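See structure below.
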Amino acid sequence: MSQNGNFDVLVIGSGASGLAAAVSAERSGARVALATKGSIQSCNSAKAQGGIQAAFAADDSPEQHAQDIWRSSHETADMRLVEVLTSEAPSAIHWLEELGVEFTKENGGYRLARCGGASAKRLLQVGDRTGHAITVALRDAAEAGGITLFAKSPLASLEQREHGWRARVGEHSLDASTVILAAGGRCYAEAEQRGELSTNHPGATGEVTRIALDAGAEARDLDALQYHPNGGAWPETMQGYSIPETTRAYGAVLLNADGEEFTDSLGPRDVVAQAIVDEVAKGKGVETADGRPAVYLDTTRISEHDAELSLPYMLRRYRAGGIDPLTEKILTYPVLHYQNGGLVIDADAETTLEGVYACGEIAGGTHGRNRMMGNSLLECVVFGRRAGKAAATKARA
Ligand SMILES: Cc1cc2nc3c(=O)[nH]c(=O)nc-3n(C[C@H](O)[C@H](O)[C@H](O)COP(=O)(O)OP(=O)(O)OC[C@H]3O[C@@H](n4cnc5c(N)ncnc54)[C@H](O)[C@@H]3O)c2cc1C
């Protein structure tokens, strides 16, 4: 049944960024609606495995985290956003813990892994289902509050009104003083167009970015799409699966057909992905049983202890497909994964359209043209919270 409504804040999307924004706006006193394309559970965030970055180690700091992002982005990231991201990372983690996320611990502290491009161990994990744990906690918080949820209600249009915005979401027409766009990236649609595999959820199709651009919003680096270096190449059931980067953090290395290490397995994502493509082009790759290009990821170097604590889901998936990654090497090739760029935002996540905010993968600048792993979930929480608070404040001013 179609419904009209009037809210302070309307959030579009139910991934980690949209949920964090909605919870934060509601806790700031706003009347909040959240509309999403499919079920409330469907999003990329829940598929995230590896982890979330925050500088907790004794030999680490938010400044060091920021410098790693600057280097990995090839000096293209917006450092105003990066400084917010890295300095608020520890408090974002504590907020998630208050909502019920239980990060894996060892020796009295967080179990931290070093991810590609990082100068210290900085990746917190919940086993290898970190995104699932974070979205469950955020969803519980959203559902426990007074947020009005519209599932199966994709945003189709956004129109400026005298006192805010009117959105058509599915069959509903909703008015809101401020709007938060948290609809993720477009890699599923992009991979379909290119005839390639993608790690993404079918909802990652990018039309909300298009709607914002048509309304006059500015974007940056939209052409910079990221390949995950380690897509699953074989068995067939694992094609398009993103093998967590934590496999490499815990000792797995990339090998060519001759068993030689041809790149630093913990280099920045774009460098590692390109090295694999180049190695295959040189004729030093291997072929999957269905004729796809691949190289080896030697996962037999991971200790059973590390695998059981930090890679249990990956192990289960491969073993169900008839391969034990702890006793045999697995086959991998880069796969379309992430939209690095997006809508231009300021430090409060406001776009160049007044009263329209953007957070998560739909926004650009935080990662420049090349994201480090573990910074996307972090961006969702840090800028989701900021967007929620700022949108609520502006709506009630
Ligand atoms: C397999 C995989 C593993 C990953 N691992 C990690 C990791 O370990 N660490 C890390 O930091 N990052 C990781 N990432 C990246 C990270 O998970 C995502 O970039 C991030 O979670 C995106 O969150 P989001 O809230 O911006 O978007 P999403 O989680 O994609 O949510 C977008 C939401 O918007 C909805 N939507 C889309 N279009 C519309 C519309 N027209 N109207 C209404 N709603 C709409 C979708 O249905 C969805 O609910 C991974 C990604 C994938 C795919």
Side-chain angles (χ1 to χ4, degrees), residues 10-22 34-54 85 89 113 115 123-126 128-135 138-139 150-158 167-170 179-189 191 198-212 226 228 230-232 240-246 249 269 310 313-314 335-340 342-343 358-363 366-367 371-384 387:
L10 170 63
V11 180
I12 303 295
S14 59
S17 64
L19 292 167
L34 184 150
T36 192
K37 182 152 62 180
S39 71
I40 185 117
Q41 290 86 354
S42 71
C43 60
N44 268 341
S45 302
K47 288 165 69 93
Q49 303 169 85
I52 178 168
Q53 289 203 47
L85 183 83
C115 47
L123 193 76
L124 287 84
Q125 308 132 62
V126 183
D128 57 355
R129 300 205 66 198
T130 311
H132 175 75
I134 289 175
T135 48
L138 287 170
R139 213 161 45 236
F150 295 89
K152 300 196 171 80
S153 302
L155 180 73
S157 67
L158 189 62
R168 183 90 204 154
V169 295
V179 177
I180 301 174
L181 303 177
R186 68 176 199 283
C187 280
Y188 184 86
S198 160
T199 58
N200 277 208
H201 184 270
T205 44
E207 66 278 6
V208 174
T209 302
R210 176 54 45 209
I211 290 169
Q226 179 169 76
H228 189 296
N230 287 158
Y241 169 79
S242 71
I243 303 166
E245 197 162 308
T246 34
R269 274 198 165 161
S310 291
Y313 179 68
M314 186 279 267
V335 60
L336 204 52
H337 185 58
Y338 186 79
Q339 173 182 302
N340 290 302
L343 300 173
C359 51
E361 193 170 334
I362 197 172
T366 313
H367 316 291
R371 175 178 72 97
M372 295 175 78
M373 87 146 299
N375 277 339
S376 177
L377 287 174
L378 179 62
E379 170 185 42
C380 288
V381 181
V382 168
F383 286 100

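In each ligand, atom 1 is the first atom listed, and ligand 1 is the first ligand listed. In this text, all values refer to a predicted model and were calculated from it rather than measured experimentally.
Annotation: side chain of Ile40 is in contact with side chain of Leu34 (closest heavy-atom distance under 4.5 Å).
A donor-acceptor pair under 3.5 Å is formed between the side chain of Asp128 and the backbone N or O of Tyr313.
A pairwise comparison of heavy atoms in Ser376 and Arg371 identifies CB-NH1, 3.1 Å as the closest pair. Across Gly231 and Ile243, no two heavy atoms sit closer than the pair O-CD1, 3.9 Å.
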Identify all pairs of nitrogen or oxygen atoms, one from ligand 1 and one from the protein, separated by less than 3.5 Å, and list them with distances.
unit_1, atom_1, unit_2, atom_2, d
ligand 1, 8 (O), Gly50, N, 2.9
ligand 1, 8 (O), Gly51, N, 3.0
ligand 1, 9 (N), Gly51, O, 2.8
ligand 1, 11 (O), Gly374, N, 3.4
ligand 1, 11 (O), Ser376, N, 3.2
ligand 1, 11 (O), Leu377, N, 2.8
ligand 1, 12 (N), Arg371, NH1, 3.4
ligand 1, 19 (O), Glu361, OE1, 2.7
ligand 1, 19 (O), Ser376, OG, 2.8
ligand 1, 21 (O), Ser45, OG, 2.8
ligand 1, 23 (O), Ser45, OG, 3.0
ligand 1, 25 (O), Ala16, N, 3.4
ligand 1, 25 (O), Ser17, N, 3.1
ligand 1, 25 (O), Ser17, OG, 2.7
ligand 1, 26 (O), Ser17, OG, 3.4
ligand 1, 26 (O), Glu361, N, 2.9
ligand 1, 29 (O), Asn44, N, 3.2
ligand 1, 29 (O), Ser45, N, 2.8
ligand 1, 29 (O), Ser45, OG, 2.5
ligand 1, 30 (O), Asn44, N, 3.2
ligand 1, 38 (N), Lys37, NZ, 3.4
ligand 1, 38 (N), Glu207, OE2, 3.4
ligand 1, 41 (N), Glu207, OE2, 2.8
ligand 1, 42 (N), Leu155, N, 2.8
ligand 1, 44 (N), Lys37, N, 3.1
ligand 1, 49 (O), Ser14, N, 3.1
ligand 1, 49 (O), Ser14, OG, 3.1
ligand 1, 49 (O), Thr36, OG1, 3.1
ligand 1, 49 (O), Ser42, O, 2.8

- request: Please assess His367 against Tyr338 for the test side-chain hydrogen bond (donor to acceptor under 3.5 Å, both in side chains), listing each intermediate value before the final yes or no.
  value: CA-CA 11 Å; His367 316 291; Tyr338 186 79; 3.3 Å; yes
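There is a side-chain donor-acceptor pair under 3.5 Å between Gln49 and Ser242.
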